[in-house]
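Structure record follows, encoded as structure tokens.
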Number of protein chains: 2
Amino acid sequence: MTTTPYHHGNLRTALVEAAVETVRERGPEGLALREVARRVGVSHNAAYRHFADRDALVDAVAERAMVELVGAVHRRLDTVDEADPVARARRRLVAIGAGYVEFALAEPGLFRLLFTAYPDAPDAEGAGEDPYGMLNVALDELVDVGYLSPKDRPGAEVTCWSVVHGFAVLNVEGPLRGLEPSDRAAALTSLLLSVDRGLGASGTWPELAPRGAPK
Amino acid sequence: MTTTPYHHGNLRTALVEAAVETVRERGPEGLALREVARRVGVSHNAAYRHFADRDALVDAVAERAMVELVGAVHRRLDTVDEADPVARARRRLVAIGAGYVEFALAEPGLFRLLFTAYPDAPDAEGAGEDPYGMLNVALDELVDVGYLSPKDRPGAEVTCWSVVHGFAVLNVEGPLRGLEPSDRAAALTSLLLSVDRGLGASGTWPELAPRGAPK
DNA sequence: GGGGCGATGTTGACAGTGGTAACACCAGAG
DNA sequence: CTCTGGTGTTACCACTGTCAACATCGCCCC
């Protein structure tokens with residue numbers, strides 16, 4: 001819908017594109033509906049014919065951002081060229097993490113928007129078309145291939161997502177944002193290796209688990 | 001400074017306390033300087049005698065939040081009662097992570113403020129008086145005790161911080177925010193165990209880092 | 001073709017925000 | 001006592017999101 005030019009001609013997509021550009025430049029909090037409208041050369045309030053409110057525009061931008069994130073991860077995934085199944089599966093997992101972080105650092109504004117204004121539903125759409133699904137697929141591969149113990153599979157996706165997301169957040173808007181690129185890259189490599197190692201090392205340490213929360 | 005009551009009597013601290021309360025209720029983005037002033041029963045602009053701008057107030061709130069975060073982590077750390085040095089060091093690391101996440105979930109507003117508006121300098125003040133310092137101390141203990149290989153020590157603090165911070169963010173404001181508390185607790189346990197395991201499992205997998213070499 | 005009608009875009013207004021400037025008060029120093 | 005500097009107030013500005021009323025344009029149907 002809204003494919004044929006009316007007064008303006010695809011105002012909606014023009015607004016979204018301008019909004020994406022604004023978020024790129026000024027971050028999510030710098031996104032002003034009025035300024036976007038101004039940028040497109042249309043009066044404010046014109047936007048209200050296409051978006052219920054500011055949040056709706058933000059959601060539209062988030063959709064674009066998600067597409068780009070998936071693209072970045074896929075691009076990394078495609079570089080994995082490995083014969084040995086175990087090494088391949090492990091490399092693929094690392095590639096997902098690297099792509100995720102790569103996107104966060106390349107598009108800090110879009111990345112932040114993606115996770116501050118995300119709708120209620122998680123990424124759980126298909127399985128493989130969003131980073132979460134891709135991650136789950138990769139982890140299942142690791143189990144199939146015998147690298148990851150099936151009993152360690154549950155929860156592994158949360159752990160992997162957490163570590164990569166945390167690294168991204170700390171480096172994009174957190175206390176690590178001032179890191180030298182080389183230091184950052186080294187830390188990321190160390191982190192990804194550590195995760196890989198943690199998944200491969202089977203075994204439990206039951207004495208650590210219990211001991212409930214205080215107060 | 002500002003200890004003796006003048007017109008109002010410690011307006012500054014009153015403003016900070018009202019701001020903290022506001023952030024608790026409405027989050028960082030709901031913090032309006034004017035509303036805080038109103039809340040204290042003072043005209044807006046009175047605040048400008050004590051804070052250069054809104055950001056200065058936010059920084060003051062962040063200071064309080066940091067104190068509370070440190071308190072939460074310390075409280076957890078104090079529950080560790082373990083004779084065996086290795087087990088004790090490992091438990092202490094887990095306690096830090098648990099306390100960090102506990103605070104994030106208990107005070108989502110303050111936690112988010114702490115990491116969206118944090119000043120340029122990292123937590124690098126003393127060593128032990130902020131979560132980052134405490135984490136480094138705990139990791140050094142793990143090395144001393146022989147659990148963590150010295151060659152794996154560099155970068156470990158970033159990995160640990162990332163995984164815990166990422167988990168907190170995903171659960172506080174991210175796609176995992178809708179998780180059942182029991183599921184969340186299980187995921188956290190799994191995550192902490194996984195990190196512990198990853199640190200303990202020594203050895204490198206060189207074929208992952210560069211590129212090439214069989215297994 | 002012409003009338004109408006709904007989708008689109010515009011102007012105007014309102015409340016709320018952060019921020020600046022000019023003024024009012026009040027305590028203590030001299 | 002006056003004067004001075006810290007403190008708080010009123011008035012104003014630019015900006016934002018949002019609503020309501022009005023204008024315009026394209027398309028459908030008679």
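Chain letters run A, B, ... following the sequence lines, proteins first and then strands; every chain starts at 1.
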Checking [X] now: which residues fulfil side-chain hydrogen bond (donor to acceptor under 3.5 Å, both in side chains) with it, not counting sequence neighbours?
X	answer
A:E63	none
A:R92	A:E141
B:S190	none
A:E35	A:R26

*Pairs in or reaching into residues 178-191 of chain B: which pass salt bridge (Lys or Arg N to Asp or Glu O under 4.0 Å), with residues at least two apart or in two chains?*
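Pairs touching residues 178-191 of chain B that pass the test: none.
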_Once salt bridge (Lys or Arg N to Asp or Glu O under 4.0 Å) is applied, what residue pairs with a partner in residues 93-103 of chain A remain, sequence neighbours excluded?_
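Sorted result for residues 93-103 of chain A: A:R76-A:E102.
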Distance in angstrom units between [X] [atom1] and [N] [atom2], rounded:
X	N	atom1	atom2	value
A:H50	C:dG6	NE2	P	18 Å
B:R49	C:dA22	CZ	C1'	10 Å
A:N10	C:dG9	CG	C1'	15 Å

*Quick one: list whatever passes side-chain contact (heavy atoms from CB on, under 4.5 Å) with A:D55, sequence neighbours left out.*
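Applying side-chain contact (heavy atoms from CB on, under 4.5 Å) to A:D55 gives A:D53.
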*Check the angle between the aromatic planes of B:F115 and B:Y100 and answer parallel, tilted or perpendicular using the 30° and 60° thresholds.*
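Tilted.
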*Proximity to DNA chain D (any heavy atom under 4.0 Å), residues of residues 18-30 of chain B only*: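 Nothing qualifies; none.
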*Give the B/S/- string for nucleotides 10-18 of chain D, one per nucleotide from 5' to 3', where a protein heavy atom under 4.0 Å of the base yields B, of only the sugar-phosphate yields S, and otherwise -.*
BBB---BBB
